[in-house]
Amino acid sequence: MRYSSPKPCPIANICGGCIYSAIPYELELEKKEDEVIRKIGRYGYVFPIIGTKKEHYRDKVQAVFGKNRKGEIISGLYCRSSHHIVSVKNCQLEFEEASAILRTIRKMSKSLSISPYDEDLKKGMLRHVLLRKGHNSNEIMVILIFGTPAVNKAKELANAIKEAHKEVNTILFQVNGEETSMVLSDGQMKVLYGKGYIKDTISSLSFTILPSSFYQINSTGTETLYKVALKMAGLSGRERVIDAYSGTGTIALLAAREAREVLSIEINPDAIKSGKKSAEENGIENVIFIEGDASEKLKEMAKNKEKADVVFLDPPRRGSDERFLSSVMKLSPESIVYISCGLDSLERDLRYMTKERKYYVQAIQPVDMFPRTEHVETVVLLSKQ
């Protein structure tokens with residue numbers, strides 16, 4: 001079989017993000033499908049992997065700022081397993097406007113005497129920039145994260161961005177001087193321009209995206225992913241559905257159009273706020289938003305002998321834990337739709353849910369949400385025995 005030759009990334013070996021940038025995409029898909037079969041294929045049939053847009057698909061971009069050996073302001077990301085900043089000027093994965101916006105920020109930071117934050121010395125200003133884009137709405141959010149509370153300098157930088165990039169809809173500012181690898185802190189977010197949020201659409205529904213709320217980074221792949229998940233759920237309009245780890249409520253709101261009632265559980269208050277706003281704007285009234293830890297809430301529901309027909313799980317890469325999964329199974333849903341971005345944690349959780357033959361795996365569908373990287377998203381349908 002002949003494959004089309006890719007355009008290699010010149011810094012792939014340094015950055016470590018695009019481990020598959022030098023091979024044809026068709027071959028990458030084969031490798032990822034084989035990995036899914038190898039790790040979880042013994043639980044059920046693995047359908048052929050579904051590919052997605054392989055360039056400029058990342059609608060969320062995080063850039064760390066620093067200086068190179070010449071003292072020039074650079075932006076990029078930390079090299080894998082180190083705290084060394086890899087300078088990134090153009091990334092094949094990030095949405096197309098991102099490189100130009102970051103280039104403006106580097107240039108104007110120098111003009112405005114806004115120095116990068118030095119984590120060791122606890123001096124300087126600009127630490128990170130977070131960019132988010134609504135793929136279908138084309139709305140763009142810029143978040144300036146400073147290590148020190150230099151809000152006036154942030155305002156000057158925001159004005160420069162606003163003048164140079166009319167496509168930017170909102171700009172926010174936050175201070176994060178903590179010793180942490182987290183880009184955003186728990187501190188207050190100040191709106192410097194615009195409404196402080198952007199919007200996007202998935203399957204004709206409108207969603208509000210706040211700065212810290214979870215929203216899939218590959219919007220084109222998200223529609224495919226959620227269509228797979230909803231098809232597996234087989235909703236008929238009579239079901240009571242739980243969306244655990246709900247994020248901004250995307251799955252919950254999409255499922256609400258095909259279910260009797262949906263409980264959306266999420267620990268992030270910003271995400272809950274986004275979900276409620278989106279439900280109101282879309283005229284959806286059969287979703288109940290519950291703020292809190294999914295494990296605790298489901299344990300409480302199981303104790304009260306509540307039931308659910310379908311449970312959607314979309315946990316972080318580390319997966320769930322036995323306490324949570326035990327609570328899910330005590331609710332005794334007919335179907336569990338598990339969306340995972342980590343094969344190792346998925347295998348562990350499938351082993352637990354199937355070990356006493358309470359549930360069996362009916363279908364496994366990989367979706368390549370993160371082309372050129374080592375990661376693959378997998379949707380698994382578990383049915384009650």
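When a residue number appears, it is its place in the shown sequence, counting from 1.
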Query raised in the report: After noting the C-alpha distance and the side-chain angles of K199 and T208, does the key distance pass the side-chain contact (heavy atoms from CB on, under 4.5 Å) rule?
Result: CA-CA 5 Å; K199 291 184 173 295; T208 297; 3.0 Å; yes

Query raised in the report: When you look at S236 and E239, which way does the side-chain hydrogen bond (donor to acceptor under 3.5 Å, both in side chains) test go after all the steps?
Result: CA-CA 7 Å; S236 65; E239 295 83 5; 2.8 Å; yes

Report task. For S75 and I105, run side-chain contact (heavy atoms from CB on, under 4.5 Å): C-alpha distance rounded to whole Å, both residues' side-chain angles, the deciding distance at 0.1 Å, then the answer. Result -> CA-CA 9 Å; S75 65; I105 293 173; over 6 Å; no

Query raised in the report: Going through the distances and angles, do M369 and Y57 end up as a side-chain contact (heavy atoms from CB on, under 4.5 Å)?
Result: CA-CA 9 Å; M369 290 283 286; Y57 65 82; over 6 Å; no

Query - Working for side-chain contact (heavy atoms from CB on, under 4.5 Å), residues Y20 and L29 - result: CA-CA 10 Å; Y20 290 126; L29 290 177; over 6 Å; no

**Report entry** Audit row: S246, S264, side-chain hydrogen bond (donor to acceptor under 3.5 Å, both in side chains) steps and yes/no
**Finding:** CA-CA 6 Å; S246 187; S264 174; 2.5 Å; yes

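Between the side chain of Q362 and the backbone N or O of L381 there is no donor-acceptor pair closer than 3.5 Å. In this structure, R260 contributes its side chain and R238 its backbone to a donor-acceptor pair below 3.5 Å. Within the 3.5 Å criterion, the main-chain N or O of G221 finds no donor-acceptor partner in the side chain of K53. A distance-only check finds no donor-acceptor pair linking the side chain of R323 to the backbone of S295 [under 3.5 Å]. A donor-acceptor pair under 3.5 Å is absent between the side-chain atoms of H56 and the main chain of L93, judged by distance alone. One N or O on the side chain of N282 and one on the backbone of S206 form a donor-acceptor pair closer than 3.5 Å. Listed for the D309 side chain is a donor-acceptor partner under 3.5 Å among the backbone atoms of R240. In this structure a side-chain-to-backbone donor-acceptor pair under 3.5 Å is missing from N176 to G147.
K355 NZ: more than 12 foreign heavy atoms inside a 6.0 Å radius. More than 12 heavy atoms of other shown residues, nucleotides or ligands fall within 6.0 angstrom of atom CG in N304. The neighbour count for Q385 CD, taken as heavy atoms of other residues, nucleotides or ligands under 6.0 Å away, is above 12. For K195, the NZ atom sits in a loose shell: 12 or fewer heavy atoms of surrounding residues, nucleotides or ligands are nearer than 6.0 Å.
Electrostatic pairing of R351 and E347 counts as a salt bridge here, judged by a charged N lying under 4.0 Å from a carboxylate O.
Nearest heavy-atom pair, A271 versus E266, reported as atom, atom and distance to 0.1 Å: CB-CG, 3.6 Å. Shown here for I339 and A229, the closest heavy-atom pair between the two residues is CD1-CB, 3.9 Å.
To the nearest 0.5 Å, atoms CG (L126) and CZ (R106) are separated by 11.5 Å. Atom OG1 in T373 sits 7.0 Å away from atom CD1 in I19 (nearest 0.5 Å). Note that CD of E281 is 11.0 Å distant from CZ of F207, once rounded to the nearest 0.5 Å. To the nearest 0.5 Å, atoms CD1 (I242) and CG (L298) are separated by 5.0 Å. The CD1 atom of I143 sits 5.5 Å away from atom CG of L184, with the distance rounded to the nearest 0.5 Å. Remark: T378 OG1 to I364 CD1 distance equals 8.0 Å, nearest 0.5 Å.
Among residue pairs with one or both ends in residues 133-155, those qualifying as side-chain hydrogen bond (donor to acceptor under 3.5 Å, both in side chains) are E97-K133; sequence neighbours excluded. Screening residues 325-340 for side-chain hydrogen bond (donor to acceptor under 3.5 Å, both in side chains) gives S332-K384, E334-K384, Y338-D349 as the qualifying pairs, with residues at least two apart or on separate chains. Judged as a ring pair (Phe, Tyr, Trp, His ring centres under 6.0 Å), not a single pair has a partner in residues 342-371 (not counting sequence neighbours). Pairs of residues two or more places apart, or lying in two chains, that qualify as side-chain hydrogen bond (donor to acceptor under 3.5 Å, both in side chains) and include a residue from residues 120-131 are E119-R127, K122-E179.
Shown here are the salt bridge (charged side-chain N to carboxylate O under 4.0 Å, His left out) partners of E291, two or more places apart in sequence or in another chain: there are none. With sequence neighbours left out, the side-chain contact (heavy atoms from CB on, under 4.5 Å) criterion links N286 to A256, I284. Judged as a side chain to side chain donor-acceptor pair (under 3.5 Å), and not counting sequence neighbours, the contacts of T220 are N218. Annotation: side-chain contact (heavy atoms from CB on, under 4.5 Å) contacts of K166 (sequence neighbours excluded): E163. Take R257 and apply the salt bridge (charged side-chain N to carboxylate O under 4.0 Å, His left out) test, not counting sequence neighbours, and it matches no residue. Not counting sequence neighbours, the partners of Y245 by the ring-ring contact (aromatic ring centres under 6.0 Å, His included) test are F324. Residues forming a side-chain contact (heavy atoms from CB on, under 4.5 Å) with E72 (at least two apart in sequence, or on another chain): N68, K70. With sequence neighbours excluded, the residues that form a ring-ring contact (aromatic ring centres under 6.0 Å, His included) with F173 are F146.
Y193 is connected to V129 through a chain of hydrophobic side-chain contacts under 4.5 Å among Ile, Leu, Val, Met, Phe, Trp and Tyr, so both are in one cluster.
Checking E178 against S185 by side-chain atom types alone, no donor-acceptor pair falls below 3.5 Å. Checked by atom type, the side-chain pair Y226/T250 shows a donor-acceptor distance below 3.5 Å.
Applying side-chain contact (heavy atoms from CB on, under 4.5 Å) to M141 and the options L172, L210, L131 leaves one that passes, L172.
Put simply, the side chain of R372 reaches to within 4.5 Å of the side chain of Y25, judged on heavy atoms.
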